[in-house]
J.: 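Please see the structure below; I have some questions.
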Amino acid sequence: MIFAKQELAGKPPKGQHPAMTATFAASAVSLGCLLSAAAQPEQPLIPGFDFLKVAGVHSGDMDLDDDEGSLAVSRFELRMLLSRPISPLEGLSIIPVLNYEFTSLDFNGTVSGFPIRDEDLHSISLSSFFIQTIGETPWFLLGWTRAEMGTDFQHIDGDDFTFDVALGAGYRFNDSFMIGIGGVILNLNGDTESIPGIFFDWIVSDTVRVGLYGPKFLATYAPDDCWEFSLRGDPGGGDWNIRFQNGESRQIDLSTYRAGLYVNRSITDNMSIEAGVGMTVGNEIEIKRTGGGDRFDRDLESGWYGEIGLRLKEW
């Protein structure tokens, strides 16, 4: 598999790195999670962020803007907190998290010589989230570190690993409203990039909660203990290193934003099943030579997606 000749000149970047939105989302959501942990250390939750989540997502009908063909993406996701918050020092809480994602890229109807083929990709990451209270004040200091391997498992070397950090500060006005600012530094071992962001969490009433966690938006309505309905905006995509047929290393970056409606139904006191449908927007796929140089990227039209999963609220 090779690059098409017309792309070798290298198009100028369109802005933010495609995978950066997804990476920043992970840190922003985690910082929001930590803000909640400050209030309830035994249950560090925001809507949609539980001790364990297992989900399958399928996105289809994303047509290529400048070429024939389309892309469908199927994904299996597993996120698990490895322990309850750890408190080695007074006022300090640490939350370790394990993530695994399997992503299948399926191209349909592309022309001969199209430089990206169907791929089965894997992402494994270990994260640690930190929150430090400041005495009796409503201020918090926040932190996040992550080591991630994104690979096709054909050949694993240093290009498959990335390291990221985030820092932020939050202020709790009362038991119902908190706000914060932060920033993430991505890919410390490669083309480093920093991105600022804001987040807030507002418990409007006993049944309504609204939050913005960086680029992730959540608005939930829970009429009782069994049902929860939500409107959600969720960055997706990823960043993987693959091995071409000629043995060269390439980087695949997929950017997408999922906006949809979800329903969650409790099946036990701590476990629930969740399903959602919606649209994918802001879709883009890029493939480039590791370390820079030749790059190929294409915008993708909006498509649909569906998701189903299980959530475990507590250990």
J.: For the pair Asp67 (side chain) and Leu64 (backbone), establish whether a donor and an acceptor sit closer than 3.5 Å, ignoring hydrogens and angles.
T.: no
J.: Quick one, Val73 with Leu254, criterion side chain to side chain contact (heavy atoms under 4.5 Å, CB included). Give me CA distance, side-chain angles, the key distance, then yes/no.
T.: CA-CA 10 Å; Val73 180; Leu254 174 66; 4.1 Å; yes
J.: Less than 4.5 Å apart, any side-chain heavy atom of Phe140 and any of Ile134?
T.: no
J.: Just by distance, do the side chain of Thr133 and the backbone of Gly135 share a donor-acceptor pair under 3.5 Å?
T.: no
J.: Below 4.5 Å, heavy atoms only, C-beta onward: do Met149 and Ile156 meet side chain to side chain?
T.: yes
J.: Measuring from Asp299:CG to Glu284:CD, what's the distance to the nearest 0.5 Å?
T.: 5.0 Å
J.: For the CG atom on Asn174, are there more than 12 heavy atoms of other groups (residues, nucleotides or ligands in this structure) within a distance under 6.0 Å?
T.: yes
J.: Say whether, by atom type as modelled, one donor and one acceptor occur between the side chain of Ser123 and the main chain of Tyr100 under 3.5 angstrom.
T.: no
J.: Can you check side chain to side chain donor-acceptor pair (under 3.5 Å) on Asn241 and Ser249, steps first, answer last?
T.: CA-CA 7 Å; Asn241 184 258; Ser249 180; 2.7 Å; yes
J.: Would Tyr262 and Glu307 count as a side chain to side chain donor-acceptor pair (under 3.5 Å) here? Give the steps.
T.: CA-CA 9 Å; Tyr262 290 77; Glu307 177 176 345; 3.1 Å; yes
J.: So among Arg265, Lys313, Arg311, which one has a salt bridge (Lys or Arg N to Asp or Glu O under 4.0 Å) with Glu228?
T.: Arg311
J.: Does the pair Ile285 and Asp297 meet the rule for a side chain to side chain contact (heavy atoms under 4.5 Å, CB included), with working shown?
T.: CA-CA 6 Å; Ile285 190 163; Asp297 68 70; over 6 Å; no
J.: Scan side-chain atoms only and decide if Thr256 and Asn283 contain a donor-acceptor pair under the 3.5 Å cut-off.
T.: yes
J.: If I compare all heavy atoms of Thr280 with all of Ser59, which pair ends up nearest, and what's the gap?
T.: CG2-OG, 3.9 Å
J.: Are the side chain of Ser266 and the backbone of Asp225 linked by a donor-acceptor contact shorter than 3.5 Å?
T.: yes
J.: Quick one: do Phe200 and Tyr221 end up in the same hydrophobic cluster if we chain Ile, Leu, Val, Met, Phe, Trp and Tyr together by side-chain heavy atoms under 4.5 Å apart?
T.: yes
J.: Given side chain to side chain contact (heavy atoms under 4.5 Å, CB included), test Leu105 with Leu71 step by step and report yes or no.
T.: CA-CA 7 Å; Leu105 305 181; Leu71 171 64; 4.1 Å; yes
J.: Does any N or O in the side chain of Thr110 come within less than 3.5 Å of the main-chain N or O of Phe107, such that one atom is a donor and the other an acceptor?
T.: no
J.: Salt bridge between Glu119 and Arg250, side-chain N to carboxylate O under 4.0 Å?
T.: no
J.: Write down the atom of Pro215, the atom of Tyr257, and the distance for their closest heavy-atom approach.
T.: O-OH, 2.6 Å
J.: Above 12 or not: heavy atoms from other molecules or residues under 6.0 Å from CG of Asp206?
T.: no
J.: Do Lys53 and Glu274 meet the salt-bridge criterion of a basic N to acidic O distance under 4.0 Å?
T.: yes
J.: Grouping I, L, V, M, F, W and Y whenever their side-chain heavy atoms are under 4.5 Å apart, do Val210 and Val263 come out in a common cluster?
T.: yes
J.: Which atom pair, heavy atoms only, marks the closest approach of Pro88 to Ile94?
T.: CG-CD1, 3.8 Å
J.: Under the side-chain contact (heavy atoms from CB on, under 4.5 Å) rule, collect the residues that match up with Asn99, sequence neighbours excluded.
T.: Arg79, Val97, Ser125
J.: Measure the CD1-CD1 distance between Ile95 and Ile131 for me, rounded to the nearest 0.5 Å.
T.: 8.0 Å
J.: Show me the pairs that pass ring pair (Phe, Tyr, Trp, His ring centres under 6.0 Å) and involve residues 67-94, at least two apart or across chains.
T.: none
J.: Would you indicate whether the side-chain heavy atoms of Ser127 and Pro96 approach each other to under 4.5 Å?
T.: no
J.: Quick one: NZ on Lys288 to CZ on Phe296, what's the gap to the nearest 0.5 Å?
T.: 15.0 Å
J.: Decide yes or no on ring-ring contact (aromatic ring centres under 6.0 Å, His included) for His58 and Tyr305, but give the supporting numbers first.
T.: CA-CA 5 Å; His58 180 78; Tyr305 79 94; over 10 Å; no
J.: With distance as the sole criterion, is a donor-acceptor pair present between the side chains of Gln251 and Asp239 under 3.5 Å?
T.: yes
J.: Could you give the distance from CD (Gln154) to CZ (Arg243), rounded to the nearest 0.5 Å?
T.: 9.5 Å
J.: Kindly assign one of parallel, tilted or perpendicular to the pair Trp139 and Tyr171, based on the angle between their ring planes and the thresholds 30° and 60°.
T.: perpendicular
J.: Minimum heavy-atom separation for Trp240 to His122, with atom names?
T.: CD1-O, 3.4 Å
J.: For the CG atom of Leu300 and the CG atom of Asp65, what is their distance to the nearest 0.5 Å?
T.: 7.0 Å
J.: Consider only side-chain heavy atoms of I, L, V, M, F, W and Y, link residues closer than 4.5 Å, and tell whether Ile273 and Val57 are in one cluster.
T.: no
J.: Do the rings of Phe173 and Phe177 sit parallel, tilted or perpendicular, given the 30° and 60° boundaries?
T.: tilted
J.: Answer whether the closest heavy-atom distance between the side chains of Ser70 and Asp63 falls below 4.5 Å.
T.: yes
J.: With sequence neighbours excluded, what pairs up with Ser87 under the side-chain contact (heavy atoms from CB on, under 4.5 Å) test?
T.: Ser93
J.: How far apart are the closest heavy atoms of Ser302 and Val281, and which atoms are they?
T.: OG-CG1, 3.7 Å
J.: Does a donor on one side chain sit under 3.5 Å from an acceptor on the other, for Thr145 and Asp164?
T.: no
J.: Do Arg84 and Phe51 meet the cation-pi criteria used here (NZ or CZ under 6.0 Å from the six-membered ring centre, within 45° of the axis)?
T.: yes
J.: Please find the pair of heavy atoms, one from Pro235 and one from Gly233, that lie closest to each other, and give the distance.
T.: CD-O, 4.1 Å
J.: Counting neighbours of CD1 on Ile203 that are heavy atoms of other residues, nucleotides or ligands and sit closer than 6.0 Å, is the number greater than 12?
T.: yes
J.: List the steps, then state whether side chain to side chain contact (heavy atoms under 4.5 Å, CB included) holds for Asp120 with Phe102.
T.: CA-CA 7 Å; Asp120 290 335; Phe102 168 78; 3.7 Å; yes
J.: Under a 3.5 Å distance rule, please check whether Ser205 uses its side chain to pair with a backbone N or O of Val208 as donor and acceptor.
T.: yes
J.: With rounding to the nearest 0.5 Å, note down the distance linking CG in Leu186 to OG in Ser194.
T.: 8.5 Å
J.: Using the rule that two of Ile, Leu, Val, Met, Phe, Trp, Tyr join whenever any of their side-chain heavy atoms come within less than 4.5 Å, decide whether Val277 and Phe217 are in one cluster.
T.: no
J.: Shared ILVMFWY cluster between Trp202 and Leu231, side chains joined below 4.5 angstrom?
T.: yes
J.: Does Arg298 come within less than 4.0 Å of Glu68, counting only side-chain N to carboxylate O?
T.: no
J.: With distance as the sole criterion, is a donor-acceptor pair present between the side chains of Ser272 and Asn264 under 3.5 Å?
T.: yes
J.: Measuring only between side-chain heavy atoms, which start at C-beta, is Ile185 closer than 4.5 Å to Thr192?
T.: yes
J.: Is it true that Arg209 and Asp201 make a salt bridge, defined as a side-chain N closer than 4.0 Å to a carboxylate O?
T.: yes
J.: Is the backbone N or O of Gly237 less than 3.5 Å from a side-chain atom of Arg75, with the two atoms forming a donor-acceptor pair by type?
T.: yes
